[in-house]
Amino acid sequence: MNLIVCVSRNWGIGKNNELLFHIPDDLKQFKALTTGKVVVMGHNTLKSLPGGKPLPNRTNIVLSRNPNLKIEGATVCNSVQDVLIEVSDRLQSDVFIIGGEAIYKMFLPYCRRALITRVDAAPEADVFFPDLLEQPQWKIRQESNFMECEGLSYQYVEYVNES
Ligand SMILES: NC(=O)c1ccc[n+]([C@@H]2O[C@H](COP(=O)([O-])OP(=O)(O)OC[C@H]3O[C@@H](n4cnc5c(N)ncnc54)[C@H](OP(=O)(O)O)[C@@H]3O)[C@@H](O)[C@H]2O)c1
């Protein structure tokens with residue numbers, strides 16, 4: 001299982017149920033990596049997507065505690081265990097945890113690879129990703145050079161979970 005996230009300098013990921021950054025090239029990269037694959041997200045993240053709708057051309061799984069929730073174009077799961085069962089027939093490298101804060105925290109131990117876009121800025125945030133520098137099992141496998149987009153400097157960092 002993979003996770004994919006865009007973080008600020010201090011691991012902020014969002015504010016007021018929106019992303020902190022809009023980096024078109026990063027969104028293209030996200031689309032290229034996840035198209036045709038499984039994306040797992042929390043209900044708040046679904047609501048934050050355009051039109052509050054699942055992402056096209058992907059198998060969408062949405063976490064909610066509401067057992068009666070139905071979402072057109074997505075499978076609703078009520079627990080981590082439900083998700084693990086739901087994706088058990090898929091290649092684990094084809095499964096992407098795509099946020100937000102609650103869902104990253106719950107699935108971090110199940111992920112082998114973390115694809116992190118690190119933006120060199122620190123706007124105010126109200127949701128955060130766990131600081132991987134404090135988790136020694138997570139090691140950096142590769143990092144890109146810094147790139148610039150619309151005045152923001154960012155890089156791709158791939159971490160692997162060696163636990
Ligand atoms: N920077 C990035 O890459 C990135 C990526 C994704 C999201 N984000 C940001 O993250 C923020 C959203 O994060 P968030 O933490 O507020 O919300 P979230 O993780 O997207 O969703 C939280 C919801 O998931 C459900 N949930 C949580 N724990 C659960 C459990 N144990 N079992 C079943 N369902 C559970 C609940 O839905 P119900 O209320 O329906 O029960 C809960 O309200 C937004 O600002 C968004 O823009 C950033």
Side-chain angles (χ1 to χ4, degrees), residues 1-63 73-75 83 86-87 90-133 135 137-162:
M1 211 175 262
N2 310 285
L3 68 83
I4 185 162
V5 64
C6 177
V7 301
S8 72
R9 220 158 35 214
N10 52 351
W11 302 89
I13 63 167
K15 188 166 179 228
N16 298 332
N17 212 38
E18 288 178 5
L19 294 173
L20 293 181
F21 307 107
H22 179 76
I23 302 178
D25 288 347
D26 186 42
L27 294 176
K28 276 189 212 144
Q29 164 93 337
F30 173 86
K31 189 175 174 188
L33 286 166
T34 57
T35 292
K37 309 284 166 67
V38 183
V39 290
V40 180
M41 72 192 90
H43 197 189
N44 289 350
T45 293
L46 174 77
K47 290 176 191 161
S48 78
L49 295 177
K53 294 214 170 79
L55 293 170
N57 306 317
R58 280 150 277 200
T59 301
N60 286 249
I61 296 178
V62 176
L63 260 291
T75 300
V83 174
E86 191 64 35
V87 303
R90 299 287 298 242
L91 255 183
Q92 291 309 291
S93 54
D94 282 354
V95 180
F96 289 82
I97 307 301
I98 65 161
E101 178 185 78
I103 271 51
Y104 287 133
K105 280 187 182 153
M106 284 194 291
F107 283 92
L108 191 59
Y110 299 95
C111 290
R112 303 252 54 87
R113 206 160 69 109
L115 303 173
I116 299 195
T117 305
R118 275 185 43 186
V119 183
D120 190 19
E124 196 182 323
D126 59 16
V127 278
F128 292 84
F129 188 83
D131 182 346
L132 291 188
L133 300 174
Q135 307 213 18
Q137 69 274 27
W138 284 95
K139 302 267 194 305
I140 293 177
R141 181 189 275 164
Q142 51 185 344
E143 346 185 29
S144 73
N145 292 328
F146 276 91
M147 293 161 281
E148 300 288 326
C149 185
E150 297 186 358
L152 289 168
S153 179
Y154 69 101
Q155 66 171 161
Y156 295 122
V157 186
E158 179 185 351
Y159 284 81
V160 287
N161 181 353
E162 295 189 343

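Counting begins at 1 with the first residue of the sequence.
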* Heavy-atom neighbours of Lys31 NZ exceed 12 at 6.0 Å -> no

* Nearest atoms (heavy-atom pairs only) where Glu150 meets Pro24 -> OE2-CG, 3.7 Å

* To do: Start with the C-alpha gap between Ile4 and Leu33, add the side-chain angles, then the distance that decides, and say whether side-chain contact (heavy atoms from CB on, under 4.5 Å) holds.
  => CA-CA 9 Å; Ile4 185 162; Leu33 286 166; 3.7 Å; yes

* **Close side-chain approach of Asp25 and Phe30, heavy atoms under 4.5 Å** => no

* Asked: Just how far is it from atom CD of Gln29 to atom OG1 of Thr34, taken to the nearest 0.5 Å?
  -> 10.0 Å

* Between Thr45 (side chain) and Met41 (backbone), is there a donor-acceptor pair under 3.5 Å? -> no

* After noting the C-alpha distance and the side-chain angles of Glu101 and Ile13, does the key distance pass the side-chain contact (heavy atoms from CB on, under 4.5 Å) rule? -> CA-CA 8 Å; Glu101 178 185 78; Ile13 63 167; 4.2 Å; yes

* Compare all side-chain heavy atoms of Leu3 with those of Leu108 and state whether any distance is below 4.5 angstrom. => yes

* Between the side chain of Asn2 and the main-chain N/O of Val95, is any donor-acceptor distance below 3.5 Å? -> yes

* To do: Keeping the roles fixed (side chain from Thr75, backbone from Ile61), state whether a donor-acceptor pair exists under 3.5 Å.
  => no

* Going by atom types only, do Asp26 and Thr117 share a side-chain donor-acceptor pair under 3.5 Å? -> yes

* Asked: So do Asn161 and Cys111 actually touch side chain to side chain, heavy atoms under 4.5 Å?
  -> no

* Mind checking ring-ring contact (aromatic ring centres under 6.0 Å, His included) for Phe107 and listing every partner two or more places apart, or none if nothing turns up? => none

* To do: Using a 4.5 Å cut-off on heavy atoms from C-beta on, say whether the side chain of Val83 contacts that of Met106.
  => no

* Whether Gln135 side chain and Leu133 backbone form a donor-acceptor pair below 3.5 Å -> no

* Rounded to the nearest 0.5 Å, how far does NZ of Lys105 lie from CZ of Phe129? -> 10.5 Å

* **Heavy-atom donor-acceptor pair, Glu162 side chain to Gln137 backbone, under 3.5 Å** => no

* Asked: Any side-chain heavy atom of Cys6 sitting closer than 4.5 Å to one from Phe21?
  -> yes

* Under 3.5 Å: donor-acceptor pair, side chain of Asn60, backbone of Arg58 -> yes

* Asked: Do the non-hydrogen side-chain atoms of Met1 and Val87 ever get within less than 4.5 Å of each other?
  -> yes

* Output, in order, the C-alpha distance, side-chain angles, deciding distance and verdict of side-chain contact (heavy atoms from CB on, under 4.5 Å) for Val157 and Ile140. => CA-CA 7 Å; Val157 186; Ile140 293 177; 3.9 Å; yes

* Asked: What's the spacing between Leu132 CG and Lys139 NZ if we round to 0.5 Å?
  -> 11.5 Å

* Asked: About how many Å separate SG of Cys149 and CD1 of Ile23, when rounded to the nearest 0.5 Å?
  -> 6.0 Å

* Using the salt bridge (charged side-chain N to carboxylate O under 4.0 Å, His left out) rule, collect all pairs that involve residues 108-124, keeping only residues at least two apart or in two chains. => Arg9-Asp120, Lys15-Glu124, Arg113-Glu158

* Taking C-beta and beyond as the side chain, do Lys47 and Asn17 meet within less than 4.5 Å on heavy atoms? -> yes

* Asked: Where the side chain of Tyr104 meets the backbone of Ile98, is there a donor-acceptor pair that is under 3.5 Å apart?
  -> yes

* Going from CZ on Phe128 to CG on Asp131, what distance comes out if it is rounded to the nearest 0.5 angstrom? -> 11.0 Å

* To do: Using a 4.5 Å cut-off on heavy atoms from C-beta on, say whether the side chain of Leu55 contacts that of Leu49.
  => yes

* Any idea which heavy atoms bring Ser144 and Gln155 closest together, and the distance? -> O-NE2, 3.0 Å

* To do: Taking ring-ring contact (aromatic ring centres under 6.0 Å, His included) as the test, write out the residues that go with Tyr159, two or more places apart.
  => none

* Roughly how far, to the nearest 0.5 Å, is CG of Asp126 from CG of Leu20? -> 8.5 Å

* Mind listing the closest non-hydrogen atom pair of Ala121 and Ser8 along with its distance? => O-CB, 3.2 Å

* Spell out, as yes or no, whether a donor-acceptor pair under 3.5 Å connects the side chain of Asn16 to the backbone of Glu18. => no

* Taking all heavy atoms of Ile116 and all of Trp11, pick out the closest pair and write down the distance. => CD1-CZ3, 3.9 Å

